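In what follows, a single structure is set out as structure tokens and then discussed.
Ligands are counted one by one from 1 in listed order, and the atoms in each one are counted from 1 as well. All values reported here derive from a predicted model rather than from experimental measurement.
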Amino acid sequence: TTMPAPDLTALREALRSALAKGAPGAMARIDDHGAVRRLTEGVADKATGRAMNTDDRFRIGSVTKTFTSVVVLQLVDEGRVDLDTSVNTYLPGLLPDDRITVRHLLSHRSGLHDYTDEMFARTVPGFEAVRNKVFSHRELVKLSLEKPLTVEPGTTHAYSNTNFVVAGMLIEKATGRTVQTEYRDRIIKPLKLTDTFYVHPGTAVPGRHVKGYLRPDEAGAPLVDSTRQTASWAQSAGAMISSTHDLNTFVSALLRGKLMSSARLAQMQEWVPVNSTQGYGLGLRRRDLSCGVSVYGHTGTVQGYYTYSFTSKDGKRTITSLANTSNTGDVLNVMPLTLEAAFCGKKPA
Ligand SMILES: CC1(C)S[C@@H]2[C@H](NC(=O)CCCC[C@H](NC(=O)C[NH3+])C(=O)[O-])C(=O)N2[C@H]1C(=O)[O-]
């Protein structure tokens with residue numbers, strides 16, 4: 001079925017709505033069968049007033065999880081990791097339950113508690129307490145294991161950053177190299193993602209970038225510039241830096257089968273229900289839009305940045321949208337509207 005043309009008027013309205021609800025800036029890039037659409041609203045930097053620019057880099061949060069999942073699935077293709085093997089086989093003694101498998105990690109069905117629940121219970125104090133900290137993977141897992149499993153392993157979807165921290169440990173154990181090296185050699189260099197960096201534990205966003213602004217919990221309190229952080233609380237669950245161009249290239253290449261075998265890509269799309277219109281595969285989200293089109297990619301929330309990056313089933317139409325604030329539900333609720341504009345075209349009158 002041919003998809004209707006993107007509704008660029010609705011897309012601009014959505015970006016303007018993000019500003020009206022508190023984002024200093026918002027932007028989107030659509031790659032559509034080779035045609036590129038770039039829309040920006042507001043500022044990348046509140047202090048200088050520099051305008052948002054779709055070439056700017058930004059922190060992508062949990063879109064990192066899709067990069068991590070691609071590396072694990074390439075290791076599965078190479079016979080070095082098995083999806084249905086216990087994580088404790090690869091990392092003896094790490095987890096309290098041998099039933100937790102690699103597949104459970106990538107589909108958020110391990111039951112491992114998400115340590116960010118406590119870490120960021122108070123938004124700004126939590127962030128300030130960790131923004132310059134460097135955690136080992138094991139320290140983060142230890143935080144998680146202070147709480148019991150949330151679900152029986154292998155049953156329902158229970159989203160947890162801990163799953164992709166453990167996936168990072170698995171990658172480093174199976175390859176003997178850092179996740180940074182694996183991202184670089186398996187994804188970033190082959191796809192020529194020149195705006196994509198995994199600089200942990202460095203705190204700077206390389207080159208020209210969007211500044212991120214974290215909203216405090218206290219109503220009316222001024223936004224906090226949260227651009228510089230180690231993102232060590234997130235690492236292989238959320239520390240990547242990229243751009244609208246590079247994320248569109250990445251998620252499109254993924255769905256076009258460029259990054260793993262077709263068998264593995266099919267396994268990545270074995271959906272566990274999240275709710276009535278969303279599924280989660282292996283480090284990949286499926287969202288069913290109002291027009292009956294399903295799109296595939298991931299979302300990201302990291303202090304100061306909301307990212308949505310999704311592509312069509314054939315990978316030929318892709319959008320990445322970004323708002324440079326977070327802890328602002330009203331802005332987060334605008335982001336799905338950018339997908340509707342990009343893939344559902346003009347709404348019937
Ligand atoms: C499932 C999510 C939403 S949460 C998960 C991960 N982001 C985090 O775990 C950060 C949580 C705290 C972020 C902070 N919020 C607070 O501190 C609230 N007290 C803010 O808004 O900047 C990511 O990214 N994922 C999103 C995803 O996958 O879309």
Side-chain angles (χ1 to χ4, degrees), residues 18 21-24 58-69 105-108 112-131 133 135 140 143-144 150 157-165 167-168 200 210-219 221 223-242 247 251 272 274-275 278-287 295-310 320-336 338-339:
K21 294 172 188 310
F58 52 90
R59 296 184 184 281
I60 67 172
S62 289
V63 183
T64 306
K65 292 181 169 78
T66 309
F67 285 78
T68 302
S69 189
L105 297 179
L106 301 185
S107 55
H108 294 291
L112 290 169
H113 171 71
D114 190 337
Y115 54 83
T116 63
D117 291 355
E118 291 76 32
M119 186 178 281
F120 299 125
R122 296 189 307 143
T123 301
V124 172
F127 171 64
E128 295 293 359
V130 303
R131 71 183 297 175
K133 262 198 172 161
F135 295 95
L140 296 174
L143 288 174
S144 167
T150 58
H157 176 85
Y159 189 102
S160 174
N161 287 298
T162 311
N163 289 316
F164 280 79
V165 169
H200 173 266
V210 177
K211 288 193 176 288
Y213 298 96
L214 176 62
R215 179 172 306 282
D217 295 327
E218 298 74 18
L223 296 179
V224 170
D225 182 340
S226 54
T227 309
R228 290 192 76 108
Q229 66 159 304
T230 60
S232 198
W233 62 267
Q235 294 190 53
S236 42
M240 193 76 79
I241 288 160
S242 191
L247 288 187
V251 73
V272 174
V274 174
N275 58 35
Q278 292 182 46
Y280 203 98
L282 302 178
L284 190 69
R285 290 187 184 279
R286 189 200 83 246
R287 292 180 72 108
V295 292
Y296 307 85
H298 214 287
T299 50
T301 297
V302 56
Q303 287 84 0
Y305 303 90
Y306 285 135
T307 303
Y308 268 51
S309 192
F310 285 83
T320 292
S321 42
L322 181 274
N324 61 347
T325 192
S326 68
N327 197 38
T328 313
D330 287 351
V331 172
L332 184 57
N333 290 337
V334 165
M335 304 302 280
T338 66
L339 304 184

Atom pairs, nitrogen or oxygen, ligand 1 to protein, under 3.5 angstrom:
unit_1: ligand 1; atom_1: 7 (N); unit_2: Thr301; atom_2: O; d: 2.8
unit_1: ligand 1; atom_1: 9 (O); unit_2: Asn161; atom_2: ND2; d: 2.8
unit_1: ligand 1; atom_1: 17 (O); unit_2: Phe120; atom_2: O; d: 3.4
unit_1: ligand 1; atom_1: 17 (O); unit_2: Thr123; atom_2: OG1; d: 3.4
unit_1: ligand 1; atom_1: 19 (N); unit_2: Phe120; atom_2: O; d: 2.7
unit_1: ligand 1; atom_1: 19 (N); unit_2: Thr123; atom_2: OG1; d: 2.8
unit_1: ligand 1; atom_1: 21 (O); unit_2: Asn327; atom_2: N; d: 2.8
unit_1: ligand 1; atom_1: 22 (O); unit_2: Ser326; atom_2: OG; d: 2.6
unit_1: ligand 1; atom_1: 24 (O); unit_2: Ser62; atom_2: N; d: 3.0
unit_1: ligand 1; atom_1: 24 (O); unit_2: Ser62; atom_2: OG; d: 2.5
unit_1: ligand 1; atom_1: 24 (O); unit_2: Thr301; atom_2: N; d: 2.8
unit_1: ligand 1; atom_1: 24 (O); unit_2: Thr301; atom_2: O; d: 3.0
unit_1: ligand 1; atom_1: 25 (N); unit_2: Ser62; atom_2: OG; d: 2.8
unit_1: ligand 1; atom_1: 25 (N); unit_2: Tyr159; atom_2: OH; d: 3.1
unit_1: ligand 1; atom_1: 28 (O); unit_2: Tyr159; atom_2: OH; d: 2.9
unit_1: ligand 1; atom_1: 28 (O); unit_2: Arg285; atom_2: NH2; d: 3.0
unit_1: ligand 1; atom_1: 28 (O); unit_2: Thr299; atom_2: OG1; d: 3.4
unit_1: ligand 1; atom_1: 29 (O); unit_2: Thr299; atom_2: OG1; d: 2.6

| request: List in chain and number order the residues that pass salt bridge (charged side-chain N to carboxylate O under 4.0 Å, His left out) with Arg287, two or more places apart in sequence or in another chain; answer none if no residue qualifies. | output: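 Arg287: no salt bridge (charged side-chain N to carboxylate O under 4.0 Å, His left out) contacts found.
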| field | Residues in salt bridge (charged side-chain N to carboxylate O under 4.0 Å, His left out) contact with Arg285, at least two apart in sequence or another chain | value | none
| query | Quick one: side-chain hydrogen bond (donor to acceptor under 3.5 Å, both in side chains) partners of His200, sequence neighbours excluded? | reply | Ser232
| request: Can you label the angle between the His108 ring and the Phe164 ring as parallel, tilted or perpendicular, going by 30° and 60°? | output: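 The rings of His108 and Phe164 sit tilted, inter-plane angle from 30° to 60°.
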| So, the side chain of Tyr115 versus the backbone of Trp233: is there a donor-acceptor pair under 3.5 Å, distance only? | yes
| query | Can you tell me if Thr162 and Ser160 form a side-chain donor-acceptor pair at under 3.5 Å? | reply |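 The answer is yes; a qualifying pair exists.
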